[in-house]
2 protein chains.
Amino acid sequence: MVSLKDVAKIAGVSPSTVSRVINRTVFVSEETRIKVEKAIAEVNYRPNLLAQSLRLKVTKNIGLLVPAIDHPAFSLLIDNIEASASKRGLNLLIFNTHNDYKREAEAIDMLLGQNINGIIFCRVSDESYIDNLSRAYSIPMVVIDRAYDNEKIPNVTLDNYQAGALAAQHLLDVGCRRIATITGNFKINLSRDRYAGLVETLAKNGVQFDERLLWKGGFTYEAGIDGVNHFIEEGLEFDGLWGQNDMVAIAAISTLVKRGLRVPEDVAVIGMDDVRFSEVYNPSLSTIYQPFAEMSDIAVDYIDKLTSGETIAQNKVRLQPSLVVRNSTLKG
Amino acid sequence: MVSLKDVAKIAGVSPSTVSRVINRTVFVSEETRIKVEKAIAEVNYRPNLLAQSLRLKVTKNIGLLVPAIDHPAFSLLIDNIEASASKRGLNLLIFNTHNDYKREAEAIDMLLGQNINGIIFCRVSDESYIDNLSRAYSIPMVVIDRAYDNEKIPNVTLDNYQAGALAAQHLLDVGCRRIATITGNFKINLSRDRYAGLVETLAKNGVQFDERLLWKGGFTYEAGIDGVNHFIEEGLEFDGLWGQNDMVAIAAISTLVKRGLRVPEDVAVIGMDDVRFSEVYNPSLSTIYQPFAEMSDIAVDYIDKLTSGETIAQNKVRLQPSLVVRNSTLKG
DNA sequence: TTGAAAGCGCTAACAG
DNA sequence: CTGTTAGCGCTTTCAA
């Protein structure tokens with residue numbers, strides 16, 4: 001590996017001068033600058049980021065913790081965060097917490113010993129260890145998506161109550177009256193918020209939610225399958241269903257169809273997130289759009305600002321969801 | 001930040017002793033070890049990886065280049081690579097090359113200046129810059145999935161010809177005779193290999209492939225949609241279709257159904273990769289399984305071994321695909 | 001405008 | 001078994 005010293009020797013100047021040329025930190029005479037640049041090119045020199053970071057106590061890396069990687073919503077999120085990071089010249093270190101708050105704690109612990117600038121943290125659930133988090137405070141940190149009700153760490157989230165409200169309103173609008181829902185684990189507060197938005201909006205419109213039509217199965221395909229099977233086996237009737245994410249909704253549709261029901265004619269189904277394949281599913285899936293790109297950009301920007309010592313005016317951002325209507329709810 | 005020196009002072013020993021306790025590199029007397037450990041715990045000391053890496057010239061980071069993140073096959077691959085890396089205490093730095101060989105070249109260039117141990121490289125296409133790659137040789141590198149025909153860099157790939165053969169054989173077995181295929185870009189050699197496997201296996205079985213039923217649309221949903229629309233608009237008849245990945249196959253099914261055709265009764269459709277949602281699609285998708293987990297593990301292991309200076313006996317591994325039969329081809 | 005020197009936090013001879 | 005010393009590659013005072 002060719003070092004700054006080598007370049008200095010070739011250019012016939014001191015190491016500090018080479019450093020100054022590279023970082024444009026102070027003025028260097030045209031003449032020497034050219035000599036140095038020539039030497040750099042000659043040996044194809046690249047600064048050693050390790051040494052640089054050690055000296056400067058800042059790195060270009062940020063850590064990202066997600067509960068799952070191969071999950072359409074999270075891969076979409078990761079994709080967006082990567083884009084935001086790379087736009088700012090930051091690198092992403094990704095860790096999968098596997099929806100397990102113990103592994104999450106280990107990962108945080110590890111991350112703190114890592115050469116990173118900050119952590120973007122998509123918490124597993126309300127069980128996530130608080131004490132580790134407070135230790136984590138020693139480096140910039142932002143929580144995305146799954147924040148606590150009274151999150152102290154800067155965070156960017158969705159108005160999940162409103163997501164539930166939109167889903168309820170749309171199902172009512174297309175004529176549904178007996179509405180079922182399959183939710184995420186209630187240890188994740190956004191599952192509760194989404195649910196509350198649904199139930200309260202139905203109530204406001206004179207429709208009482210039947211709690212037997214609630215299945216807290218989680219954010220997986222299995223939840224969608226199990227939920228629908230459960231409802232049907234219990235002999236419960238329903239004409240509308242909200243799956244709290246698109247995977248669940250799609251699994252629900254698939255199960256309904258297998259059971260001989262038509263979607264949307266017999267049951268209108270709406271999902272959440274607007275992941276890529278919801279558009280291609282058969283029938284195409286109505287859903288609640290979640291602005292992942294915007295959320296990612298805000299989160300990365302936080303880290304960036306916090307790192308450079310800037311103070312941030314607003315340390316909580318809550319974005320609004322919106323309704324996407326496709327065929328799975330169009331009773332036409 | 002508390003440093004090793006601080007710990008040494010508290011424990012009343014020299015910095016080297018503290019280092020020795022931490023790294024268990026040589027024997028330290030029970031007595032001093034305990035003193036040191038107590039001091040470490042007292043101030044909650046964590047070694048600075050930056051300094052450690054600078055000194056040792058090895059990091060715990062590996063870079064991963066993928067053509068896309070939010071693509072079911074790649075998020076599955078990323079998921080598996082993360083698992084393999086984390087199992088070995090390695091961190092993953094992810095870069096999205098956006099299927100663009102120019103951005104890919106930039107990313108490699110950047111990665112080379114990064115504090116990484118090695119690169120796992122999922123090449124965009126045959127257009128990927130060779131010269132950059134050879135420069136990249138200065139650090140351990142392994143190509144996964146999309147390797148060249150005569151790849152010089154250690155690589156782990158699938159027997160893509162065999163994948164095509166399996167698809168062809170299965171479609172023949174369920175009674176198809178007019179078979180269409182939608183392939184990846186032919187600049188990616190695995191698209192060509194898969195295609196060759198299909199065509200030659202058909203020929204071996206006395207079925208001549210009609211080249212008008214080839215659509216080189218790429219690995220996207222759009223390709224599946226466009227391909228089917230094209231075939232139908234050209235008035236071409238077909239009773240079987242292979243999409244070279246699951247997204248394409250699913251988009252094809254969705255388009256066929258929209259056009260009033262039944263799957264599998266009118267057209268049997270098979271995909272490739274066996275991503276998560278192919279099982280949940282309606283109808284569930286027959287596909288060619290690709291052993292991503294195994295591929296990932298081999299790739300990460302390569303980097304790990306190369307880093308520690310071990311020589312690797314076999315620097316090319318080619319794994320076998322297998323057939324997964326579901327409803328989209330069961331004409332029953 | 002440039003060079004010398006110190007030091008970021010760590011490890012590894014080398015000596016004892 | 002442990003301490004002293006040098007140095008990884010870089011930046012930044014401090015002087016000149």
Side-chain angles (χ1 to χ4, degrees), chain A residues 1-40 43-61 112-117 138-139 307-309, chain B residues 1-40 43-61 112-117 138-139 307-309:
Chain A
M1 205 61 240
V2 35
S3 78
L4 189 141
K5 224 170 168 178
D6 302 323
V7 175
K9 204 167 292 172
I10 294 171
V13 298
S14 79
S16 9
T17 301
V18 178
S19 168
R20 290 192 267 253
V21 169
I22 291 169
N23 301 302
R24 309 163 195 289
T25 169
V26 297
F27 194 81
V28 175
S29 79
E30 177 87 22
E31 188 191 8
T32 41
R33 210 197 60 229
I34 290 176
K35 272 196 301 189
V36 170
E37 279 167 354
K38 200 180 288 177
I40 288 177
V43 295
N44 187 26
Y45 166 73
R46 329 170 135 278
N48 180 324
L49 263 72
L50 236 27
Q52 219 167 293
S53 301
L54 177 61
R55 186 61 232 247
L56 263 28
K57 294 178 179 308
V58 192
T59 73
K60 285 287 183 192
N61 300 336
L112 291 181
Q114 235 39 44
N115 320 319
I116 55 168
N117 241 346
S138 60
I139 69 170
T307 303
S308 42
Chain B
M1 206 61 239
V2 36
S3 79
L4 189 140
K5 224 171 170 179
D6 302 323
V7 175
K9 204 168 292 172
I10 294 173
V13 298
S14 78
S16 12
T17 300
V18 177
S19 167
R20 290 193 267 253
V21 169
I22 291 168
N23 301 302
R24 306 164 196 290
T25 169
V26 297
F27 195 80
V28 176
S29 80
E30 177 88 23
E31 190 190 8
T32 41
R33 210 197 60 230
I34 290 176
K35 269 197 302 191
V36 170
E37 280 168 352
K38 201 179 287 176
I40 288 176
V43 295
N44 188 25
Y45 167 73
R46 325 171 138 279
N48 180 322
L49 262 73
L50 236 27
Q52 221 169 292
S53 301
L54 176 61
R55 184 63 230 246
L56 262 29
K57 296 180 178 307
V58 192
T59 72
K60 285 288 182 189
N61 300 336
L112 291 181
Q114 235 39 45
N115 320 318
I116 55 167
N117 240 347
S138 60
I139 68 169
T307 303
S308 42

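So that the names make sense, note that chain A is the first sequence line, chain B the second, and so on, each numbered from 1. Computed over heavy atoms, backbone and side chain alike; hydrogens, waters and symmetry mates excluded. Please read these numbers as outputs of a predicted model, since none were measured by experiment.
Partners of B:Glu30 according to the salt bridge (Lys or Arg N to Asp or Glu O under 4.0 Å) rule, which considers only residues two or more places apart in sequence or in another chain, are B:Arg33.
More than 12 non-hydrogen atoms from other residues, nucleotides or ligands lie less than 6.0 angstrom from NZ of A:Lys35.
Across all strands shown, B:Leu50 has no heavy atoms under 4.0 Å from either base or sugar-phosphate atoms. Residue contacts shown for A:Thr32 are limited to sugar-phosphate atoms, with no base heavy atom under 4.0 Å away. Residue-level contact check: B:Ser53 touches neither bases nor backbone, having no heavy atom under 4.0 Å from any strand.
Place B:Leu4 and A:Arg33 on DNA chain C by their nearest nucleotides, and A:Arg33 ends up nearer the 5' end. Between A:Leu49 and B:Val26, the residue anchored nearer the 5' end of DNA chain D, judged by the nucleotide with its closest heavy atom, is B:Val26.
Of the candidates B:Ile22, B:Val28, B:Ile10, B:Val21, B:Val36 forms a side-chain contact (heavy atoms from CB on, under 4.5 Å) with just one, namely B:Val21.
Heavy-atom distances under 4.0 Å link DNA chain C to B:Ser16, B:Ser19, B:Arg20 of residues 11-21 of chain B, given in residue order.
Of all nucleotides in DNA chain D having an atom under 4.0 Å from a heavy atom of chain B, the first and last in 5' to 3' order are D:dC1 to D:dG9.
A side-chain donor-acceptor contact under 3.5 Å links B:Ser14 and B:Thr17.
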Evaluation steps, side-chain contact (heavy atoms from CB on, under 4.5 Å), between A:Asp6 and A:Ser3:
CA-CA 5 Å; A:Asp6 302 323; A:Ser3 78; 3.4 Å; yes
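For the pair A:Ser53 (side chain) and A:Leu49 (backbone), a donor-acceptor distance under 3.5 Å is present.
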